[in-house]
Amino acid sequence: MTTDNWFDDLLTIGELPPQEAAAKLREVGEDELADALEAAQYKVTADPTKFGILEDLRLRPQPWLHPHIFGYSVPELNNAELSIQSASDINADHTLQNTPIQIILKQMYVEAYPGGGTHQILFNFEATHQLKDHVESLNFPTTQRVREKSVANINQPIFTALNVGVQGVAFRCAAVNVKNEEDERILKRLESPLFQPGLTLFTMIANPAIALFSELGIAFINSLANHYKNYTAQKFDLGLDFSKDSSRARLAEGYYLAIQIPESLQTSWDWEDWVYNPTNGQIVSQFDPTEVIPYNYLVFSVSRHQEK
């Protein structure tokens with residue numbers, strides 16, 4: 001892998017060829033799924049790297065196979081439940097052009113990942129930073145522990161003083177589930193105070209140290225992603241720009257929700273059926289607050305950077 005194509009080459013289980021996907025499932029104890037996948041391989045005539053391969057084989061739905069959709073909520077004072085709309089339908093805030101912003105990972109909910117239990121997640125976040133004469137690609141790694149069926153309130157700064165260009169910023173995320181015991185010990189280094197403030201950018205001039213840090217972040221996730229028991233659980237390209245591309249999120253201050261839902265539901269999905277609580281991180285039914293959305297999701301906040 002190179003630093004240019006690391007994101008595309010980092011394949012989730014749903015993108016792996018059937019034999020490789022089955023082997024990875026066995027590593028984490030999902031023998032029943034692996035057996036069914038291997039037994040049904042001869043029936044697969046479509047592209048085997050397509051998302052949803054196990055669902056195509058009529059197995060029970062797997063939340064970790066779904067592609068992502070992106071929602072957006074406007075922050076409101078004294079409002080515990082916020083309405084959600086598609087992040088590609090909002091009006092971009094053009095006053096953020098040539099303005100520094102902060103991106104924070106607020107919460108994560110895991111409905112289910114292969115292997116079950118508590119998951120040690122290695123994230124790598126990539127964003128573009130507008131310098132005086134060119135755009136620089138930045139990467140930041142961090143790790144979090146998340147227990148299935150519960151929301152992890154994280155509040156981890158990712159990029160601070162990230163300068164927005166006239167086209168916006170590109171923002172991508174990859175999440176590797178680390179089950180390898182030796183690798184889990186390595187990840188404790190990312191829990192040090194050095195990484196807690198995120199990646200802070202104070203200048204419009206290229207910083208060689210930050211460029212090196214970005215390359216190390218990519219090398220780190222590449223080296224761990226395919227180790228025994230480890231696998232790429234999620235990845236997505238959020239967008240955050242000023243274009244009218246319906247597949248990308250437009251840039252404004254607020255909360256962005258990246259949710260894995262089945263492709264079969266995406267054409268009929270209605271964001272108005274759900275609300276987001278920024279305090280506890282839950283996404284629940286508009287009509288029944290006890291009904292939690294049954295899909296994996298992450299929540300980010302985007303705001304103008306305020307110098308202290």
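Given the structure is predicted, the values throughout are model-derived calculations rather than measurements.
The side-chain heavy atoms of Thr160 and His305, taken from C-beta on, include a pair separated by under 4.5 Å. In this structure, the side chains of Ile121 and Val178 stay at 4.5 Å or more apart for every pair of heavy atoms. Residues Thr232 and Ile13 fail the side-chain proximity criterion, which asks for heavy atoms closer than 4.5 Å. With contacts defined as side-chain heavy-atom distances shorter than 4.5 Å, the pair Leu240/Ile103 qualifies. Side-chain contact between Gln97 and Gln130: absent, with no pair of heavy atoms (C-beta onward) separated by less than 4.5 Å. Using a 4.5 Å heavy-atom cutoff, the side chains of Gln120 and Thr143 are in contact. Between Leu298 and Leu105 the shortest side-chain heavy-atom distance falls below 4.5 Å.
Between the side chain of Asp237 and the main chain of Arg172, no donor-acceptor pair closer than 3.5 Å is present. No donor-acceptor pair under 3.5 Å is formed between the side chain of Glu111 and the backbone N or O of Lys149. Judged purely by atom type and a 3.5 angstrom limit, Tyr113 has no side-chain atom pairing as donor or acceptor with the backbone of Asn296. With Ser150 contributing its side chain and Val146 its backbone, the two residues share no donor-acceptor pair below 3.5 Å. Of the possible polar contacts, one joining the Ser88 side chain to the Ser246 backbone as a donor-acceptor pair under 3.5 Å is found.
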Going through the distances and angles, do Lys235 and Glu15 end up as a salt bridge (Lys or Arg N to Asp or Glu O under 4.0 Å)? CA-CA 11 Å; Lys235 67 174 187 177; Glu15 295 174 305; 3.6 Å; yes

Determine, stepwise, if the pair Glu32 / Arg26 fulfils salt bridge (Lys or Arg N to Asp or Glu O under 4.0 Å). CA-CA 9 Å; Glu32 183 180 351; Arg26 290 194 190 285; over 6 Å; no

Carefully, step by step, assess Arg145 and His119 under the rule side chain to side chain contact (heavy atoms under 4.5 Å, CB included). CA-CA 6 Å; Arg145 293 185 70 83; His119 303 279; over 6 Å; no

Show the numbers, then the answer: is there a side chain to side chain contact (heavy atoms under 4.5 Å, CB included) between Trp274 and Gln286? CA-CA 5 Å; Trp274 304 92; Gln286 173 82 283; over 6 Å; no

Dump the intermediate steps for ring pair (Phe, Tyr, Trp, His ring centres under 6.0 Å) on Phe70 and Phe236, then the final yes or no. CA-CA 10 Å; Phe70 305 110; Phe236 56 83; 5.7 Å; yes

Arg248 and Asp241: CA distance, side-chain angles, deciding distance, salt bridge (Lys or Arg N to Asp or Glu O under 4.0 Å) verdict: CA-CA 8 Å; Arg248 299 179 65 77; Asp241 54 41; 2.6 Å; yes

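Note: Trp271 and Trp269 have perpendicular aromatic rings, judged against thresholds of 30 and 60 degrees for the angle between ring planes. Between His94 and Phe242, the angle of the ring planes stays under 30°, which puts this pair in the parallel group of the 30/60° scheme. Note on ring orientation: taking the six-membered ring where Trp is involved, the planes of Tyr276 and Tyr255 are perpendicular (angle over 60°, cut-offs 30° and 60°). The aromatic rings of Phe171 and Phe125 sit parallel to each other, their planes meeting at less than 30°, with 60° as the upper class boundary.
Checking Val151, Ile261, Ile69 one by one against Tyr297, the side-chain contact (heavy atoms from CB on, under 4.5 Å) holds for a single residue, Val151.
Under the 4.0 Å criterion applied to side-chain N and carboxylate O atoms, Asp89 and Arg250 are not assigned as salt-bridge partners.
Side-chain atoms of Asn180 and Asn230 include no donor-acceptor pair closer than 3.5 Å. No side-chain donor-acceptor contact under 3.5 Å links Glu253 and Ser303.
Between Tyr256 and Tyr72, the ring center distance clears the sub-6.0 Å criterion.
Listed here is the closest heavy atom pair of Ile90 and Ala252: CD1-CB, 4.0 Å. Taking every heavy atom of both residues into account, His68 and Gln260 meet most closely at NE2-CG, 3.2 Å.
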